[in-house]
Every structure is written in structure tokens, then in C-alpha cells.
There are 2 protein chains.
Amino acid sequence: MKNFDSYFKSAFTVDNVIFGFDESDLKILLIKRQEDPYIDHWALPGYFVLPDEDLNTAARRVLKQLAGLDNVYLEQVKSFGAVDRHPFGRVITVAYYSLVKIDNFNPQPDNDVAKEVRWFSVSDVSNLNLAFDHEEMVDVCFETLKHQVRVRPIGFELLPPKFTLTELQHLYEAILETDLDKRNFRKKILSMNLLIDLDEMQAGVAHRPAKLYQFDYDKYQEFLEEGFSFEVKESKRKERQAVS
Amino acid sequence: MKNFDSYFKSAFTVDNVIFGFDESDLKILLIKRQEDPYIDHWALPGYFVLPDEDLNTAARRVLKQLAGLDNVYLEQVKSFGAVDRHPFGRVITVAYYSLVKIDNFNPQPDNDVAKEVRWFSVSDVSNLNLAFDHEEMVDVCFETLKHQVRVRPIGFELLPPKFTLTELQHLYEAILETDLDKRNFRKKILSMNLLIDLDEMQAGVAHRPAKLYQFDYDKYQEFLEEGFSFEVKESKRKERQAVS
DNA sequence: GCAAAAGTGTTCTCGGTACACCCATGC
DNA sequence: GCATGGGTGTACCGAGAACACTTTTGC
């Protein structure tokens, strides 16, 4: 029998691209590393997978330890394995993206990996000179999110439990990086019957208060079971802008 | 500085789900293993990633060495990392799917991993008791293919350079596991302007010979650059069948 | 001439898109 | 009373889906 020992000299990590939504801005949670390599660089929350831990478990543990997050939407996206991507040796990483309700939590680093945790606008990430190949990972995950949000109602994972239709629309606009037509958006969303009208109103706003809605997870489960497709199309307004 | 040595004790592999299309059957290429673990089991063509090799390179090398395949469509799908998935130690694997023109090549094992190489119908795979978690990998890759084929014209990768519209339709039906309406399918495909009419006919068939077409890769490139979406919808005939 | 697959057009329906004005609140 | 965003309906258009008969070949 051959000897395979020489293959058992690599490590692997998980890295999380954590999306949040705030006002009308799509954000990503980053940590400032306090250990080598890339000490003092901004980076995705990620760490080595333990020997007795499978990949998803590792991703959830890292979310908890580095960002204090629990119980969030999490999906594997892609693995990155360039030979020289890690200075300590051969390290493959598995990228995940996750969606969190941003106002829900206050990132508190209580570990010796992250010296600081902070939300950044997606559009600012390219100026930060992220550690490793993390910028590429952000790009790939953002593209994946853009695609997924058209196919499943995962947008709700980014909003508080009660939200207005305008907030939902702003979220879609931020993710898809486009403008949506208000009336068409509402018609489409409401026609899916995935929202529960809470018969409550916004309060304390300096304009006509909006109705509050809640996502109907039970109904969504029903739809899933009978196979169903969710999609949001963009308005063509931007084309007119492009011409002018 | 911490010591990370304990993390550098794992290995990783790549595994390929290789799809081919033959007559009206979607097939997968499997090897019969001639080394432990799972000796004599059918398995996906896969092997350890070498220390100085990145993931895509490894996938292509394995395709070449184990299946004699070169220059094929290849895409990363997902990584699998259950703790006990490999008896020799901690091994993560990265699953790829690839698409090949089946009549183009005759699988010849010339290596000491595969004792035999053979095409199996996708529908038969679940009876083979594949090595490792390979059956799950086949399922995931098949689902991915089903989705991708609706969004990009990758179906052509599975057909010979010259093909008839009926062959193309049978391919879509095999992948999507549904029936398609002939007239609607042709209208849709031809309206995309991605096929070149070769002004040639099938020969030697015991019925009216069909026109031969060729995929227009150049035009596809143009479309890609200006952002474009390709989709094929299924017929609703099967619903009628289900009722009867 | 018969079996077997190729080829071809029209109608209907539904979802997508464009588009503009009145309403309720805080200040 | 004014600024701010909330909320609403209609007409048009195009893509998708349903559907049946004639044509060409090998035998």
C-alpha cells in the first residue's frame, strides 16, 4: 500500500462574508487582525477548521467567536486554494456568506484574533486592502448574493422582524445595485403572499407612517415543498438615464 | 506567536462529476478503484491535490490522468468536509463538474488508481454504492447542472460539433428530466441566434433527415460581454399526464 | 406504402413595465 | 402650510404555452 503521509500536511480554514443592511446601505462585517499573518489588516472573520469539526460547524463557530453571531443564515459559496495564498503553508479556505439583522447586535470582539470588528459599506471594501485573497472572496460572495436574492426570499434575513415595504425595496435596490419601480415592486411582492400585514404603523416619522409587515416563514416552507420560484426584476429606468 | 502546526495535518482532494450525453441518456463517468480505501468500489475520478498545485489545476490533472480527458468544460461546485469522510485522516474534497462530448473519446485507464473506467446513466448511479460520499456529490452536481443549463448555453459542451435540433432538445429533456414542446423549443433556441445553420443534412437515417447546426461561440462571447440571460422553460404537458 | 422523425404558425394568456397623483404625518 | 415619504391603478407589450398536420427519407 502506498504511503499517503506527504499529502497530510495542509490546513484549511473557513471565511465568512457577513452581510448586513442599515438604512439604505449594504454592509460587510470585517475584523482587524491581531495575529500574524496580516496583523493589523482588515480581513474577513475566518479561522482554521478544527480536526474534529465539519465545515459548516466551523463556519458557525467562527461566526460566534469572532463576531458574536448566532443563528444566522449561512451558505457555502466557494473554495479558494491558490498555492501561495497563505504564508504559513498550504491552506485552502472555504468561503461562506451569511446574512444578519444588523441592528440586532453590537459586534464585540472577545477573542485573540480580532482586535476590532466593524461594518463597512460594500462599496468601500476595495479601498481597505484586505488580508489574503479576501477581496476576491467578497466579490464572489456579493455576486452570489445578487443572484440568490432573485431566486429565494432571503432578503428578509437582513431586515428586522417588522419592516415596511419601502425598507424592503431599498434592500433589494442595494443588493441589485439598481432602481426599482415602487408600484411594480409592491405589486409583485404582495402577490407572492409571503408577507403578513401586521396592522401596525411606523411611529415617529415626519411623514405619513408606513404599514409594517412580517415575513411568513410558514407559508414559505409550503411554497418550497411544492417547488416554487421567486424572482424580482429590475426596472428599465436606468437605461433611460444611461442614454441621456 | 502561536504555533499552528497542529492544523497542518490534513489533506485535500478534488473529485470530478463528469457528464456525458449519449443517444438520449445523461451519463456520468466513474472509475473502479484499485487502491484503498474503497478498493473495487465505483467512485468519482478524484485524487489528492499536490502541494504545489492549485485547485483547478489539480482537477484538470486528475481528469487527464484518470479519465484521459483534456480541454473540457469544468466548474467548481462545492466542498465536502465531514469529519469522518475519509478513513485515512482528515480529508476535504472539492467537487467539480465537467461536461464532455461523449463520442469523442474512449476512456482508457493508464494509471494505478483506476482499474476500469465506465459511463453510467445518471439514474443508475444510486444503485452502485459509490465510494466515500460520492453519491451525495453526484446529486449536488446534477442539481447544479440542472440549474446552470437554464442560465447558460452550456448544453453544447455535451454534444458533438454538428448536431440536430432534436438532439439538442433530447439533451435538455435528459438534464431537466421533463418533456419539452418541439415547436416552442425550436422557436426559442433559434431566436437566440446562437446556432449556425450548416446547410448540411443528416445522412443514412430511416426518416426525413434533419438539418445540422453548430454552436456559435463567437456570438456567445459577444452576448456574454453585454450581459445576457439564457433560459429554457419546461412544457406543462407532464402535468396533464400526472392527472390522467 | 408505411414507419419514423423533421419541420412549421397561430392564438391566448399572463406577467412585466411604464407611468402620476393624492394622502398622512411632524414640524 | 410645507416638506417628506406612503400609498395606489391602468394600459400596453412581449414572451411563454398550447396545439396538429404535412414532408422526407429508408426499407
Side-chain angles (χ1 to χ4, degrees), chain A residues 23-24 150-151 159 162-173 176 178-195 197-213 228-244, chain B residues 23-24 150-151 159 162-173 176 178-195 197-213 228-244:
Chain A
E23 308 287 319
S24 47
R150 287 172 166 277
V151 174
L159 290 176
K162 302 177 178 184
F163 52 85
T164 69
L165 290 181
T166 302
E167 286 166 352
L168 185 61
Q169 181 177 343
H170 287 335
L171 170 62
Y172 274 89
E173 290 174 336
L176 298 174
T178 185
D179 287 332
L180 298 168
D181 180 89
K182 182 163 62 166
R183 279 179 287 191
N184 293 339
F185 180 80
R186 285 162 181 250
K187 207 189 312 172
K188 171 101 192 201
I189 293 287
L190 291 174
S191 73
M192 291 188 282
N193 285 319
L194 285 173
L195 294 191
D197 182 341
L198 289 171
D199 269 319
E200 280 180 64
M201 295 289 176
Q202 258 181 330
V205 287
H207 55 79
R208 179 171 171 179
K211 273 184 161 181
L212 292 173
Y213 291 86
F228 120 104
S229 129
F230 173 96
E231 203 166 333
V232 182
K233 289 272 172 71
E234 70 192 59
S235 149
K236 274 184 188 161
R237 282 199 205 161
K238 53 164 192 175
E239 288 180 23
R240 288 194 287 121
Q241 286 169 12
V243 173
S244 62
Chain B
E23 309 286 317
S24 48
R150 288 172 166 275
V151 175
L159 291 175
K162 299 176 179 186
F163 52 85
T164 70
L165 290 181
T166 302
E167 286 166 353
L168 185 62
Q169 182 177 342
H170 288 335
L171 169 62
Y172 273 91
E173 289 174 338
L176 298 174
T178 185
D179 288 331
L180 299 169
D181 180 88
K182 183 162 62 163
R183 282 177 287 192
N184 292 340
F185 180 79
R186 286 163 180 249
K187 208 189 312 173
K188 171 102 192 200
I189 293 287
L190 291 175
S191 73
M192 291 188 281
N193 284 321
L194 285 172
L195 294 189
D197 182 342
L198 290 171
D199 268 318
E200 279 179 67
M201 294 289 174
Q202 255 182 332
V205 287
H207 55 77
R208 177 169 172 181
K211 274 184 160 181
L212 292 173
Y213 291 86
F228 120 105
S229 131
F230 173 99
E231 202 165 335
V232 182
K233 288 272 171 72
E234 71 192 58
S235 151
K236 273 181 191 163
R237 281 197 206 162
K238 53 165 195 178
E239 288 181 21
R240 286 194 289 124
Q241 286 169 13
V243 174
S244 65

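Letters A, B, ... mirror the listed sequences (proteins, then strands); counts begin at 1.
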Worksheet item: Looking for any heavy atom pair under 4.0 Å, which part of the strands does Lys211(A) touch: base, sugar-phosphate only, or nothing?
Response: sugar-phosphate
Fill in: Distance in angstrom units between Leu168(A) CG and dG5(D) C1', rounded
16 Å
Item to complete: Give the rounded distance in Å between these two atoms: CG of Leu165(B) and P of dG7(C).
Response: 7 Å
Discussion item. Output the rounded distance in Å from CZ (Arg208(B)) to P (dC27(D)).
Written reply: 18 Å
Worksheet item: Is Thr166(A) near enough to dG5(D) that one of its side-chain N or O atoms lies under 4.0 angstrom from OP1 or OP2?
Response: no
Worksheet item: Taking it one step at a time, do Lys211(A) and Glu200(A) satisfy salt bridge (Lys or Arg N to Asp or Glu O under 4.0 Å)?
Response: CA-CA 6 Å; Lys211(A) 273 184 161 181; Glu200(A) 280 180 64; over 6 Å; no
Fill in: Selection from dA24(C), dG9(C), dG16(C) that lies nearest to any side-chain heavy atom of Lys187(B)
dG9(C)
Worksheet item: Is the base of dG7(D) touched by the side chain of Lys182(A) through a donor-acceptor pair closer than 3.5 angstrom?
Response: yes
Discussion item. The side chain of Pro209(B) is closest to which nucleotide in this list: dT25(D), dG9(D), dG7(C)?
Written reply: dT25(D)
Item to complete: For Glu167(B) and dG7(C), give me the distance from atom CD to atom P, rounded to whole Å.
Response: 11 Å
Response to the item:
Ranking dG5(D), dA6(C), dG9(D) by distance to the side chain of Arg186(B), first place goes to dA6(C)
Worksheet item: Distance-only, no hydrogens or angles: does the Glu167(A) side chain make a donor-acceptor pair with backbone N or O of Leu159(A) under 3.5 Å?
Response: no
Practice prompt. May I have the distance from Leu190(B) (atom CG) to dT8(C) (atom P), rounded to whole angstrom?
Written response: 8 Å
Worksheet item: Passes side-chain hydrogen bond (donor to acceptor under 3.5 Å, both in side chains), Arg186(A) versus Ser191(A)? Steps please.
Response: CA-CA 8 Å; Arg186(A) 285 162 181 250; Ser191(A) 73; over 6 Å; no
Item to complete: Return the 5'-most residue of the pair Gly204(A), Asn184(A) with respect to DNA chain C, ranking by each residue's nearest nucleotide.
Response: Asn184(A)
Discussion item. I need the CZ-C1' distance between Arg183(A) and dG5(D), as an integer number of Å.
Written reply: 15 Å
Fill in: Rounded interatomic separation in angstrom, taking CD1 from Ile189(B) and P from dA15(D)
15 Å
Worksheet, complete the sentence: Against the side chain of Asp181(B), the closest entry in dT4(D), dC19(D), dA18(C) is dC19(D)
Item to complete: Looking only at side-chain atoms of His207(B), point me to the closest of dG7(D), dT8(C), dA4(C).
Response: dA4(C)
Practice prompt. Would you mind reading off the distance between Phe185(A) atom CZ and dG15(C) atom C1', rounded to a whole angstrom?
Written response: 16 Å
Response to the item:
Nearest heavy-atom approach of Leu176(B) to Arg150(B) is CD2-NE, 3.7 Å
Worksheet entry | 5' precedence on DNA chain D between Met201(A) and Ala206(A) (nearest-nucleotide basis) | Ala206(A)
Discussion item. Between Gln202(A) (side chain only) and Thr164(A) (backbone N and O only), is there a donor and an acceptor less than 3.5 Å apart?
Written reply: no
